[in-house]
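Below, chain A is the first sequence line, B the second, and so on; all start at residue 1. Please read these numbers as outputs of a predicted model, since none were measured by experiment.
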There are 2 protein chains.
Amino acid sequence: MSWRKDQRRAERGYHHGNLKEALLQAALDLIAQKGAAGFTFADAARMAGVSPAAPYRHFRDRDELLASIAQRGYEQFEQQLTQAWDDGRPDTATAFERVGKAYLRFAREEPSFYSAMFESGLPVESNPALQAASERAFAVIRAAAERLAALAPPGLPRPPAMMMALHIWSMSHGIASLFGRGDAARRKLPMSPEELLEAEVLIYLRGLGFPTDRKPSAEPGARSAEPPPVPASDGPAGSPTGPWGRPK
Amino acid sequence: MSWRKDQRRAERGYHHGNLKEALLQAALDLIAQKGAAGFTFADAARMAGVSPAAPYRHFRDRDELLASIAQRGYEQFEQQLTQAWDDGRPDTATAFERVGKAYLRFAREEPSFYSAMFESGLPVESNPALQAASERAFAVIRAAAERLAALAPPGLPRPPAMMMALHIWSMSHGIASLFGRGDAARRKLPMSPEELLEAEVLIYLRGLGFPTDRKPSAEPGARSAEPPPVPASDGPAGSPTGPWGRPK
DNA sequence: CAGCTCATGTGAAAGACGTTTACATGAGCC
DNA sequence: GGCTCATGTAAACGTCTTTCACATGAGCTG
């Protein structure tokens with residue numbers, strides 16, 4: 001009946017050797033299958049081929065394992081956002097938009113991490129390391145917003161970068177939470193989450209007075225020979241189509 | 001030792017009389033205390049003073065109780081939004097902003113419902129009644145967006161109301177989820193969630209070409225003698241302050 | 001290499017929950 | 001008064017979390 005367990009032990013010996021990693025991996029798989037709420041310490045142990053008590057040698061309790069996953073999630077998240085931002089290349093606006101897309105991509109492609117980070121009900125503020133990781137991730141968005149704010153058209157008051165960052169974050173998070181996952185919580189949408197976010201950000205930036213044609217690659221210092229983009233706020237004669245495409 | 005239970009039973013007789021309601025109420029209290037994940041069927045039964053098996057006479061399982069709460073939540077949510085919208089009185093923009101605030105207020109003042117609705121991991125689409133209730137709530141936002149879209153300045157392409165509704169929804173939801181609750185998941189903010197949302201919506205609407213002075217009460221058909229508000233997209237000479245107040 | 005030590009894993013057990021089943025109660029109806 | 005059925009109880013099962021005493025063996029020390 002229980003030859004599986006014994007065989008497994010025979011294969012690997014009394015000591016697992018890398019249980020902590022194995023547990024984290026197992027937890028990720030399980031969360032992907034059954035959600036952050038459905039995931040079980042005992043299941044992870046089973047999947048790693050150890051007794052239900054073994055995990056306690058590596059994590060104080062179930063919540064600490066979840067927190068570890070969330071923390072790794074924030075680290076990967078930060079990395080993805082940083083990579084998407086690519087220090088603002090080739091131009092700030094393009095890079096900025098990539099960051100928003102990276103947010104959605106992360107939510108879709110790493111639903112387990114996303115779950116542990118944002119939906120597990122973990123008290124972020126009670127875990128300093130977790131909070132720090134979360135803040136480092138947000139700092140990427142904030143830095144991007146800072147650079148973008150610096151490009152705000154002169155003559156208008158410059159928007160606070162922190163506010164912009166929070167706005168972009170909440171847009172991305174709202175879309176990701178409501179519509180962003182593989183098949184969970186999906187309502188029928190007239191457009192993809194990516195398109196939805198792209199339009200939202202474009203409209204928002206236009207509201208701040210940024211020029212918003214599709215290729216706003218003309219920055220002070222950029223080596224562009226084109227004429228500067230026409231601000232979208234030119235009036236009725238200005239842009240005939242909005243960020244959502246031509247009306248049908 | 002167990003006189004409490006017996007006494008309770010003596011007070012109310014063998015039959016509870018209103019167990020279903022009592023369980024829903026108990027569950028709300030428990031979710032408020034310990035979160036949607038921490039809430040327990042047995043606890044609710046205890047709080048209602050009945051045996052752990054009694055709830056099964058009223059709910060197929062724990063998830064059905066949670067779904068009932070979520071459904072009531074959506075109904076109350078719809079009601080609050082409808083009331084905030086007040087059919088667009090006194091003017092569309094004011095009422096629209098009230099809807100956003102109502103969203104945040106609901107998240108803050110009914111965290112139990114909000115939890116059950118958005119954070120419990122319930123598969124909304126698997127429960128037709130729940131899904132319908134959720135869609136009725138969204139329909140309020142959508143109807144408001146419809147009215148607002150109809151007021152879009154002429155000459156520019158009219159934004160799709162559905163898209164606007166989804167944008168407003170995701171903004172509100174993002175802010176509520178990230179910053180909106182009593183003390184959970186709160187990061188230190190330079191402004192209140194309400195102010196953050198108000199600024200975001202204002203910037204967004206301006207991006208769509210809507211006039212955005214603080215009292216945009218001039219609508220076609222409104223009994224206003226003022227001149228129409230100046231569009232915010234007038235250029236550098238236009239509005240000296242943004243939605244976030246004067247720069248310091 | 002022998003022996004020690006300590007990190008790591010095991011098994012058993014206690015206590016909580018979810019859920020089912022057979023049985024008890026009593027409110028409402030004939 | 002007696003029946004019936006919705007509603008509640010007790011007991012039991014399997015699972016999960018967590019703890020504790022004990023087992024194992026990897027790696028250091030001499």
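Closest contact between the side chain of A:Ala42 and the listed nucleotides C:dT8, D:dT9, D:dC16 involves D:dC16. Set against C:dC17, D:dT9, C:dG9, the side chain of A:Ala54 has C:dG9 as its closest nucleotide. Side-chain atoms of B:Ala53 lie closest to C:dT21 of the nucleotides C:dG9, C:dT21, D:dC16.
Here the closest non-hydrogen pair linking A:Ala27 and A:Ile69 is CB-CD1, 3.4 Å. What you find for A:Arg98 and A:Pro90 is that their closest heavy atoms are NH1-CD, 3.8 Å.
B:Tyr56 comes within 4.0 angstrom of a base, heavy atoms only. Among the atoms of the strands shown, only primed sugar atoms or phosphate atoms (P, OP1, OP2) are found under 4.0 Å from some heavy atom of B:Gly17.
Remark: C1' of C:dC17 and CG of B:Leu30 are 14 Å apart, rounded to the nearest angstrom. Remark: P of D:dT18 and CG of A:Leu65 are 11 Å apart, rounded to the nearest angstrom. As a whole-Å value, the separation of A:Glu21 CD from C:dT8 P is 13 Å. Taking atom CG on B:Leu66 and atom C1' on C:dC17, their separation rounds to 15 Å, with Å as the unit. The CZ atom of B:Phe59 sits 14 Å away from the C1' atom of D:dT7 (whole-angstrom rounding). One atom, CE of B:Met47, and another, P of C:dC17, lie 12 Å apart when rounded to the nearest Å. Atom pair A:Leu23:CG and C:dG9:C1' shows a separation of 12 Å (rounding to whole Å applied). To the nearest angstrom, C1' of C:dA7 lies 15 Å from NE2 of A:His16.
Phosphate contact (OP1/OP2 of D:dT17, side-chain N/O of A:Thr40, threshold under 4.0 Å): present. Considering only side-chain N and O atoms, B:His58 lies nowhere under 4.0 angstrom from the phosphate OP1 or OP2 of D:dA6. Considering only side-chain N and O atoms, B:Arg46 lies nowhere under 4.0 angstrom from the phosphate OP1 or OP2 of C:dA16.
Between B:Phe59 and B:Phe41, the angle of the ring planes goes over 60°, which puts this pair in the perpendicular group of the 30/60° scheme. The aromatic rings of B:His167 and B:Tyr204 lie perpendicular to each other, with more than 60° between the two planes, well past the 30° mark. The aromatic rings of A:Tyr114 and A:Tyr103 sit perpendicular, their planes meeting at an angle over 60°, well past the 30° parallel limit.
Take the nearest nucleotide of DNA chain C for B:Asp61 and for B:Arg57: the residue whose nucleotide is more 5' is B:Asp61. Residues B:Arg62 and A:Asn18 each lie close to DNA chain C; by heavy-atom proximity, the contact nearer the 5' end of the strand is made by A:Asn18.
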